Amino acid sequence: MTLVEPVNYIHTFSQTEQNRLIHQSKFLESYIYKTLDFSGSTSVLDIGCGVGAQIPIILQHHPHLKITGLDNSKSQLERAHIFLKPLIDTSKVILQQGSAYHLPFNDGSFDTVCIFFVLEHLEKPSLVVQEAFRVLRPGGVIYCTEVFNKGVFVFPECQGIEAYWKAFNQQQADFGGDPNIGIKLGCLFSKVGFINIRLLDVSLLLDGRMNEIEKRQEFLDSIKAAFLSASSTLRSTGKTTDILEKQMIQDFDRLSKDPSSIFLYPVKQLSAEKLGI
């Protein structure tokens, strides 16, 4: 099988984007890890691991694990090898290049499989879920965390954010992805044969309860960075302009200064099991 660099990835593979992914993983830790439990596992597969941003966080919570990270991007894995070198050197982590559509592992190879913000970018997410089911041992658990972009809510109304976000999601759809796949995970995984499926809400929410200026700024800066990570792609396809991008940035700045502002970024997290023997 020939391995090639994925092309239709809205966030790009730049060094700036790689840095953002590492920073974002730390920001998201308190939201998405409180519902993850790897205590009954020894071997974990991280499908679409990218630069390996999630792996140190998993090991911080569960140091007994051995984690295999798989990604199809050579440049992402090169950065992952640098970022994860201490963990690789101690044999806690193995990185492998390969397609999520054809996982290079035997049936039942892993106790747990996890997928973080990957299916939204793929044309055939059901095939990835089928492969995840295959390599998971009977009785094993899968966790999948994905976005539901249509559910983004902003108050007060921000026309710049709204227009830019519309362009962002249209581009992801044009690339063959699904920016709303988070809300569809239950159907997707039940069709493959997973059981004991739970779909939890682990959304990012800023409202008046977050009244420390520094925390509000950190929250909105992280969201703004995710929006801007698609800037070069949206410009190249003519879906945004300098004026729209500037308006979007100004909207975020206004939200950070308004203690009554609200920003909801919906994130869904599925857990499911493979029937034991």
Side-chain angles (χ1 to χ4, degrees), residues 6 9-11 21 24-25 28-41 43-55 57-59 61-62 65 67-72 76 98-103 105 108-151 172 176-204 226 265-275:
Y9 181 57
I10 193 170
H11 300 291
L21 289 172
Q24 176 183 262
S25 67
L28 292 175
E29 180 179 359
S30 63
Y31 294 93
I32 68 176
Y33 278 87
K34 58 188 176 184
T35 50
L36 300 182
D37 181 12
F38 296 91
S39 59
S41 305
S43 59
V44 174
L45 172 63
D46 182 4
I47 297 177
C49 68
V51 299
Q54 304 294 341
I55 291 175
I57 299 176
I58 296 174
L59 287 172
H61 290 270
H62 303 282
L65 295 174
I67 300 179
T68 298
L70 177 130
D71 204 275
N72 208 33
Q76 298 290 75
S99 170
Y101 295 141
H102 304 283
L103 294 174
F105 308 110
S109 295
F110 299 95
D111 298 327
T112 302
V113 174
C114 54
I115 306 173
F116 297 97
F117 307 111
V118 173
L119 300 183
E120 61 177 297
H121 302 291
L122 303 180
E123 293 183 356
K124 301 176 182 178
S126 61
L127 183 55
V128 177
V129 177
Q130 290 171 20
E131 278 290 273
F133 184 88
R134 179 182 66 79
V135 303
L136 191 63
R137 68 164 174 80
V141 178
I142 188 166
Y143 294 106
C144 182
T145 307
E146 292 289 346
V147 298
F148 174 40
N149 286 357
K150 190 174 182 179
Q172 194 162 27
D178 185 349
N180 298 307
I181 199 164
I183 204 68
K184 305 173 184 177
L185 293 178
C187 293
L188 187 62
F189 280 72
S190 62
K191 288 180 180 178
V192 171
F194 282 101
I195 62 172
N196 297 331
I197 296 173
R198 294 195 307 159
L199 189 62
L200 303 178
D201 184 86
V202 292
S203 297
L204 285 60
Y265 196 139
V267 180
K268 303 296 180 180
Q269 186 175 88
L270 175 140
S271 66
E273 299 174 18
K274 181 175 179 177
L275 182 65

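Remember, it's a predicted structure, so these values are computed and weren't measured experimentally. In this chain, numbering begins with 1 at the start of the sequence shown.
In this structure the side chain of I142 never reaches within 4.5 angstrom of the side chain of C114, judged on heavy atoms. Contact check for H61 versus E29: side-chain heavy atoms found under the 4.5 Å cut-off. You'll find the side chain of S271 stays beyond 4.5 Å of the side chain of T35, heavy atoms only. Contact of the Q54 side chain with the S25 side chain is registered, since non-hydrogen atoms from C-beta on lie closer than 4.5 Å. In this structure, the side chains of K268 and L200 stay at 4.5 Å or more apart for every pair of heavy atoms. F194 has its side chain out of reach of L188: every pair of non-hydrogen atoms, C-beta onward, lies at least 4.5 Å apart. Contact check for V113 versus V135: side-chain heavy atoms found under the 4.5 Å cut-off. A heavy-atom distance below 4.5 Å is not found between the side chains of T112 and L45.
Heavy atoms only, all atoms of each residue included: F117 and I32 are closest at CE1-CD1, 4.4 Å. In plain terms, the two heavy atoms of L36 and H62 that are nearest each other are O-NE2, 4.2 Å. Scanning all heavy atoms of the two residues, the minimum distance from V128 to L122 falls at CG2-CD1, 3.6 Å. L103 approaches A132 most closely through the heavy-atom pair CD1-N, 4.0 Å. The two residues F189 and I197 come nearest to each other via the heavy atoms C-CD1, 3.9 Å. Contact detail for D71 and G48: the closest heavy-atom pair is OD2-C, 3.3 Å.
D46 places no side-chain N or O within 3.5 Å of a backbone atom of G69 that could act as its donor or acceptor partner. Using modelled atom types, one side-chain atom of K274 and one backbone atom of F133 make a donor-acceptor pair closer than 3.5 Å. The closest donor-acceptor contact from the side chain of E273 to the backbone of N196 lies at 3.5 Å or more, if one exists at all. With hydrogens and angles disregarded, a donor-acceptor distance shorter than 3.5 Å links the side chain of S43 to the backbone of D111. Using modelled atom types, one side-chain atom of S203 and one backbone atom of V267 make a donor-acceptor pair closer than 3.5 Å. In this structure a side-chain-to-backbone donor-acceptor pair under 3.5 Å is present from R134 to F105.
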Query raised in the report: Where do Y101 and E123 land on the side chain to side chain donor-acceptor pair (under 3.5 Å) test, with the steps shown first?
Result: CA-CA 10 Å; Y101 295 141; E123 293 183 356; 5.8 Å; no
Report task. Could you go through the ring pair (Phe, Tyr, Trp, His ring centres under 6.0 Å) check for H121 and Y9 one step at a time? Result -> CA-CA 7 Å; H121 302 291; Y9 181 57; 4.9 Å; yes
Query raised in the report: Can V129 and L119 be said to form a side chain to side chain contact (heavy atoms under 4.5 Å, CB included), step by step?
Result: CA-CA 9 Å; V129 177; L119 300 183; 4.2 Å; yes
Query raised in the report: What's the verdict on side chain to side chain contact (heavy atoms under 4.5 Å, CB included) for V44 and F110, showing C-alpha distance, side-chain angles and the deciding distance?
Result: CA-CA 6 Å; V44 174; F110 299 95; 5.9 Å; no
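Going from atom CD1 of I47 over to atom CG of L70 covers 7.0 Å, rounded to the nearest 0.5 Å. Atom CG in L270 sits 11.0 Å away from atom CD1 in I181 (nearest 0.5 Å). A distance of 12.5 Å separates NZ in K124 from CD in E131, rounded to the nearest 0.5 Å. Atom CD1 of I115 sits about 12.5 Å away from atom SG of C49, to the nearest 0.5 Å. Expressed to the nearest 0.5 Å, how far CG of D201 lies from OH of Y31 amounts to 12.0 Å.
Residue pairs meeting the side chain to side chain donor-acceptor pair (under 3.5 Å) criterion with at least one partner in residues 140-149, sequence neighbours excluded, are T145-Q269, N149-N169, N149-Y265.
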